[in-house]
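Just follow the structure's listing: the first ligand is 1, and inside any ligand the first atom is 1. Values below: all heavy atoms of this structure, side chains included; hydrogens, waters and symmetry mates excluded. In this text, all values refer to a predicted model and were calculated from it rather than measured experimentally.
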Amino acid sequence: MKLYIVENYDELSKKAAEVIAEEIKIKNDIVLGLATGSTPEGMYAELVKMHDNGEIDFSNASTFNLDEYYGLDDEHEQSYHYFMNKHLLKKINIDSKKTNIPSGCTDDVEKVCKEYDEKIEASGGIDLQLLGIGMNGHIGFNEPGNYFVGETHIVNLTEDTLDANARFFETLDDVPKKAITMGMKSILNSKKILLIASGSGKADAMYMALRGPITPKVPASILQLHQNLIVIVDNEAGAKL
Ligand code: PGA
């Protein structure tokens, strides 16, 4: 594991963007695994800047997002489709046919999940997977539980996650109770993983993920097994590491 503890959120955003930019420069047909949430917003802004300055070219890249709320259509302002378009995908020269996010609006969840995994596999697998971490240790929407789930699947979001994400909705009741998430197989099969976390609220989760036992009760702890893990945290999130 390569661990970078940086001063603050701005530094984290810049460092994370640099890591991704380097990978794109090495492999221009890169397959990126992308994440949503507040943490990567600054990093996406940096990538957009680099793109605008002509430093990086996304024309041959493809992307697979980790997750989507179940029941929100793509245009919903809190959907992860909307988030990705707003923060990155509509601001760079990527081919929209090469961007993938699980559909949260489907009657056939099983088919959506199966096809998502098949498409990731057909792409050759993810070269670089970006991950945030939940305060409960989740990655994507792989919530704490009694076992790890390998495939893309639908999950019931935990109370912790509903509470944490309520800030984006008018009321707690408006937060979707389910989501579709990439499973641990595609995440762990990624050639490189970049985990980012910011703020004191993430310090315990980061400690349990990287220094605690590997357990499905802390889904991120499985990342300890990955051969090529890069972690970037700010001082607050890294306080216990
Ligand atoms: P956050 O979410 O970046 O909004 O803190 C991270 C996550 O829940 O995975």
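A heavy-atom distance below 4.5 Å is found between the side chains of L223 and I187.
Y69 and F169 have their aromatic ring centers within a separation under 6.0 angstrom.
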Next item on the list: Show your working on side-chain hydrogen bond (donor to acceptor under 3.5 Å, both in side chains) between D117 and T152 and close with a plain yes or no.
Entry: CA-CA 6 Å; D117 285 337; T152 297; 2.6 Å; yes

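Residue-ligand proximity, R167 to ligand 1, at heavy-atom distances under 4.0 Å covers atoms 4 (O). Atom numbering of ligand 1 starts at 1 in the shown order; those under 4.0 Å from a heavy atom of G37 are 3 (O), 4 (O). Residue T39 has at least one heavy-atom neighbour below 4.0 Å for each of these atoms of ligand 1: 1 (P), 3 (O), 5 (O).
Linking ILVMFWY side-chain heavy atoms closer than 4.5 Å, directly or via other members, places L157 and M135 in two distinct hydrophobic clusters.
Summarising the geometry, atom NE2 belonging to H51 is positioned 10.0 Å from atom CD1 belonging to I24; distances are rounded to the nearest 0.5 Å.
For atom 6 (C) of ligand 1, the nearest protein heavy atom (residue, atom name, distance) is I133 O, 3.5 Å. The nearest heavy-atom contact from the protein to atom 9 (O) of ligand 1 is H138 NE2, 3.3 Å. Ranking protein heavy atoms by distance to atom 5 (O) of ligand 1, first place goes to K202 NZ, 2.6 Å.
Remark: distances from the non-hydrogen atoms of M135 to ligand 1 are all 4.0 Å or more.
Using cut-offs of 30° and 60° for the angle between ring planes, the F83 and Y80 rings count as perpendicular.
Residue T36 has no N or O atom closer than 3.5 Å to an N or O atom of ligand 1.
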